[in-house]
Amino acid sequence: MKRSHEPVFWSLFGAGGMLSALTGCALVFVTGIGVPLLLLSPGLMRYQTMQTFIEAWPGKLVVFVVIVLFLWHATLRILLLLHDFGLASGILSRIIGNGLALLCTLITAYLLLSAGF
Amino acid sequence: MNTADDGRRPYLRPMRGWWKHNPYFLRYLAMEATSILIALYALILLFGLWRLHQGEAAYAAWLAMLQSPWSLALHAVLLPVFAFHSYSWFKIMPKTLPAIYWRGSKLEQAVITRAGIVAALVTNLAIVLVLVGLPS
């Protein structure tokens with residue numbers, strides 16, 4: 001039997017789903033509400049703070065994992081939605097969907113690595 | 001498949017409006033639809049990372065964008081959507097796990113769900129509290 005590549009996508013889906021379930025609310029609150037409305041210190045997201053954060057490996061890892069896993073999680077479900085409504089269910093939609101997620105993964109990696117160390 | 005040159009005309013159950021036929025389907029769709037907003041949030045963060053890469057002025061513009069009423073309204077929607085995602089994630093988790101046995105009896109689904117929700121509350125609160133406590 002030919003080995004399936006499905007487990008890769010489902011693992012990324014599961015990891016992203018778990019991470020967003022455990023941290024999503026806090027992240028949305030901090031980046032989208034708390035800091036913009038000054039409920040939290042604006043220093044948390046100041047340019048220098050963020051730059052320093054992503055120059056170290058732990059910071060790079062955190063940002064990478066959040067963006068990339070959230071996206072892979074969402075991609076699988078969006079593909080399921082398109083399938084469920086009969087809008088796009090072929091191999092082409094999966095290539096485009098997963099391709100876009102892969103592209104975003106590479107862009108995220110590039111931006112984080114180019115931030116220096 | 002039923003094609004034009006196929007003499008047979010097999011019955012194909014119509015699927016139109018399938019999601020309206022059962023409230024369970026609607027809940028399933030609500031759960032799946034959270035993914036669109038989760039993707040959107042990830043893209044907002046990725047955009048911020050790109051603006052950070054471009055430099056201080058570009059990053060300041062991204063921060064200003066986060067303060068716009070549109071962004072605040074969007075995040076006010078994102079917050080309950082993520083909360084619903086957390087809830088539904090742990091609601092389906094026991095159904096996706098192999099059976100867990102604890103002291104000779106099968107662990108009930110509700111126990112796993114509740115444990116997951118408690119874990120989510122703890123991690124989310126911890127993140128916010130740690131960030132509040134950071135010297136800045």
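Just so it is clear: chains get the letters A, B, ... in the order the sequence lines come, proteins before strands, and each one is counted from 1. All values reported here derive from a predicted model rather than from experimental measurement.
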| task | Give a yes or no on whether A:Leu81 and B:Met15 share a hydrophobic cluster (residues Ile, Leu, Val, Met, Phe, Trp, Tyr; joining criterion: side-chain heavy atoms under 4.5 Å apart). | result | yes

| remark: Between the CD atom in A:Gln48 and the CD atom in B:Glu56, the distance rounded to the nearest 0.5 Å is 7.0 Å

| said: Measuring from atom OG of A:Ser20 to atom CD1 of B:Ile38, what distance do you get when rounded to the nearest 0.5 angstrom? | reply: 4.5 Å

| Any donor-acceptor pair under 3.5 Å from B:Trp50 side chain to A:Ile107 backbone | no

| said: B:Leu46 vs A:Leu111, test: side-chain contact (heavy atoms from CB on, under 4.5 Å). Steps then yes/no. | reply: CA-CA 9 Å; B:Leu46 178 53; A:Leu111 290 174; 4.1 Å; yes

| note | All heavy atoms of A:Ile54 vs all of B:Leu52, minimum pair found to be CD1-CD2, 3.5 Å

| Side chain, backbone, both or neither of B:Leu45 within contact of chain A (heavy atoms, under 4.5 Å) | both

| said: To the closest 0.5 Å, what do you measure between CD1 (A:Ile67) and OH (B:Tyr41)? | reply: 9.0 Å

| message | Rounded to the nearest 0.5 Å, what separates atom CG in A:Leu22 from atom CD1 in B:Ile127? | response | 8.5 Å

| remark: Contact list (residues 65-81 of chain B to chain A, heavy-atom gap under 4.5 Å, by number) returns B:Leu66, B:Gln67, B:Leu72, B:His75, B:Ala76, B:Leu78, B:Leu79

| task | Report the distance from atom CE of A:Met45 to atom OH of B:Tyr59, rounding to the nearest 0.5 Å. | result | 4.5 Å

| A:Val63 vs B:Leu49, side-chain contact (heavy atoms from CB on, under 4.5 Å): CA-CA, chis, key distance, verdict | CA-CA 9 Å; A:Val63 174; B:Leu49 186 61; 4.1 Å; yes

| task | Could you please spell out the steps behind the side-chain contact (heavy atoms from CB on, under 4.5 Å) verdict for A:Cys104 and B:Leu43? | result | CA-CA 9 Å; A:Cys104 288; B:Leu43 291 175; 4.1 Å; yes

| Close approach to chain A in residues 85-101 of chain B, criterion heavy atom under 4.5 Å | B:His85, B:Ser86, B:Trp89, B:Phe90, B:Ile92, B:Met93

| field | OG1 on A:Thr31 to CH2 on B:Trp62, rounded to 0.5 Å | value | 6.0 Å

